[in-house]
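As structure tokens, the structure follows; a few thoughts come after it.
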Amino acid sequence: MEATGGTLLYVCLVLIIFTEVSSKFIHMPSLVHHGIEGKSLLLPVETYFQLDEAEIQGTWSHTTPSGIRTTLVTFTKESAITDMSYRNHLLFREPNISLLIHKLNHNHEGDYHLNLNIEFHNKTGQVIKEERTVHVTVDVPVSTPVIDKNPSYAVVEDKANVTLTCTVERGTRVVFQWLRDNVALGLSDRYHFSKNMSVLFISPVRKQDKGTYRCVASNPVSQSRYSRAVELNIYYGPYNLEVNSGQGLRTGEVFTINPGELVFFECQADSNPPNSYVWISKSRNTTQVITEGPRLEVVSYRLAQAEEYLCRAFNNVTQKQDEAQFTLVVASLGTGKEKHTRTDGSISPLAVIAVCSLFIIGSMLLVFLRRTCHPKRVLMSIYNRPLSEQKRPHRSGHEDATEDFGIYEFVSIPGKNESAQASCRSLAHLESVQDMHTTIYDVIRQVPETPSHSLLK
């Protein structure tokens, strides 16, 4: 038993060493080649030894998918013999080991085997065997795919099925893929695919199936080709019905508004096609249709303290409907503001603007008069007159010779030094200046009265 085990180990080591050594002599970059029908295909072989240092002998053979094997070429370094039935399709040029196939067709598919014997000149009698197998496929490039939709019209959710079929005019071994809104689709409870993925069956259709569908086709010799977009239109709804308002205060399904406020309500729901809306008032166990349409206008001063309303949405195609109920309460919110009012005592905005404008104009006039007619400014303007004007004698009113009684009155004006000193006084001493001028003014006014009194006496 020990001898047998040692022998097996020795054989395994020899095989490993032989495999490692032999693998260094030839190399094939690829073991699978995808050819295009009507084109040429090269099966390259790289040698890791100098051909002039060795003798070679080998064969290329072909095995069809059905299992029939045919020897194509038998070759040495100096010559090559090609099977007559393949002479027009094969090109083998010694000493090169690579094989070139012309004008590929489906008969050229299958496995190609290379058997090669190598004998080096310095190692006569030692033959190294190399074997390689390459798989070849022949395909036709894919044309642009086209989608056929059945039915071609819009369908109602939960009541209809849709079949999408993707076809190509040319192409072999085509692989199909489906996209909705550029997102790949996979198998689900409602999405069913054919074996080659060329047919998509949706049963039943739902709202979420609405969108743009594309088919992608490809094969080993073609990049992905995209079909034109096909729109799947689905009638659904109404869903997510709700009532909203931009006024008042909302707490759950209760809207509170100020007295006299004009309120607008919007009823919205997700639906295709758009819903028809009806507004209903509920009071004392009775209902009354108020208006139709998505918008409701309510004047609060026409309401009682609280009233219930209902918005009903109906889809004429799906024959489905939904309702949303709410309560409207009239109460003072304490904000002091009403967004929309319809009261007879309301103040016009134009009146408010006019009052504000008059107030601003009056304030500007008051400031102007105060600055120009202030007593201190008047006194300062008088006191700061040029010295020549100050020295000009004041007339007493007796300039006419016929009324000249030989009495003249002269008013003494402060000298230049006194004037300069007075001009340097602070505003706090203006009261004394005011008294001085007041006294001079009284004397001038009372002088004419003195002679007349003396004459009467």
Side-chain angles (χ1 to χ4, degrees), residues 8-141 172-173 219-222:
L8 292 175
L9 180 60
Y10 176 77
V11 172
C12 291
L13 290 174
V14 170
L15 290 175
I16 293 173
I17 295 173
F18 180 79
T19 303
E20 290 181 353
V21 173
S22 64
S23 62
K24 296 179 181 180
F25 295 109
I26 64 172
H27 172 69
M28 286 189 173
S30 177
L31 300 180
V32 177
H33 291 270
H34 301 289
I36 301 176
E37 186 175 10
K39 303 293 184 179
S40 299
L41 178 65
L42 176 65
L43 304 181
V45 179
E46 298 174 358
T47 58
Y48 292 154
F49 62 93
Q50 297 295 330
L51 292 176
D52 56 358
E53 296 178 356
E55 295 294 332
I56 59 173
Q57 183 183 41
T59 59
W60 276 101
S61 59
H62 174 225
T63 302
T64 63
S66 60
I68 301 174
R69 184 162 184 167
T70 304
T71 300
L72 303 176
V73 179
T74 301
F75 61 90
T76 64
K77 191 166 62 173
E78 292 80 14
S79 63
I81 301 174
T82 304
D83 189 296
M84 295 181 62
S85 59
Y86 290 91
R87 281 187 306 183
N88 296 329
H89 297 281
L90 298 178
L91 178 61
F92 185 87
R93 292 182 178 177
E94 65 282 346
N96 191 0
I97 306 175
S98 302
L99 181 66
L100 179 64
I101 308 173
H102 288 298
K103 297 180 181 179
L104 284 172
N105 57 50
H106 290 289
N107 296 326
H108 293 144
E109 287 191 333
D111 294 328
Y112 288 78
H113 310 278
L114 171 63
N115 294 318
L116 182 64
N117 296 329
I118 305 172
E119 183 182 11
F120 290 96
H121 296 161
N122 58 356
K123 296 181 181 180
T124 306
Q126 184 179 353
V127 179
I128 300 173
K129 295 183 177 294
E130 293 282 358
E131 293 185 5
R132 296 290 186 273
T133 300
V134 180
H135 184 71
V136 174
T137 61
V138 180
D139 291 296
V140 177
T172 55
R173 278 188 279 267
N219 71 357
V221 296
S222 302

### Task
Quick one: list whatever passes ring pair (Phe, Tyr, Trp, His ring centres under 6.0 Å) with Phe120, sequence neighbours left out.
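Per chain and number, Phe120 pairs via ring pair (Phe, Tyr, Trp, His ring centres under 6.0 Å) with Phe25, Phe49.
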### Any residue meeting ring pair (Phe, Tyr, Trp, His ring centres under 6.0 Å) with Tyr112, in chain and number order, not counting sequence neighbours
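His62.
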Side chain to side chain donor-acceptor pair (under 3.5 Å) against [X], all qualifying residues, sequence neighbours excluded:
X      : result
Thr59  : none
His89  : none
Thr137 : His34

Pairwise side-chain contact, [X] with [Y], heavy-atom cut-off 4.5 Å (strictly under):
X      : Y      : answer
Tyr86  : Met84  : no
His106 : Thr172 : yes
Leu90  : Leu99  : yes

### Query
Of all heavy-atom pairs between Pro44 and His33, which one has the smallest distance, and what is that distance?
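The answer is CD-CE1, 3.9 Å.
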[X]: side-chain contact (heavy atoms from CB on, under 4.5 Å) partners, not counting sequence neighbours:
X      : value
Ser79  : Thr76
Val45  : Ile26, Met28, Trp60, Ile97, Ser98, Leu114
Leu100 : Ser40, Leu42, Leu91, His102

Considering residues at least two apart in sequence or located in another chain, which fulfil the salt bridge (charged side-chain N to carboxylate O under 4.0 Å, His left out) criterion with [X]?
X      : answer
Glu55  : Lys77
Arg69  : none
Lys39  : none
Glu109 : Arg173

Taking [X] for the side chain and [Y] for the main chain, is one N or O donor matched with an acceptor at less than 3.5 Å?
X      : Y      : value
Ser61  : Thr70  : no
Asp111 : Val136 : no
Asn115 : Glu131 : no
Thr64  : Ile68  : yes

### Query
How long is the span from the NZ atom in Lys103 to the CD1 atom in Ile101, to the nearest 0.5 Å?
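If I round to the nearest 0.5 Å, the distance is 14.5 Å.
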#### Entry: Neighbour count >12 (heavy atoms, 6.0 Å) for atom CG, Leu51
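Yes, because the 6.0 Å sphere around CG of Leu51 holds more than 12 heavy atoms from other groups.
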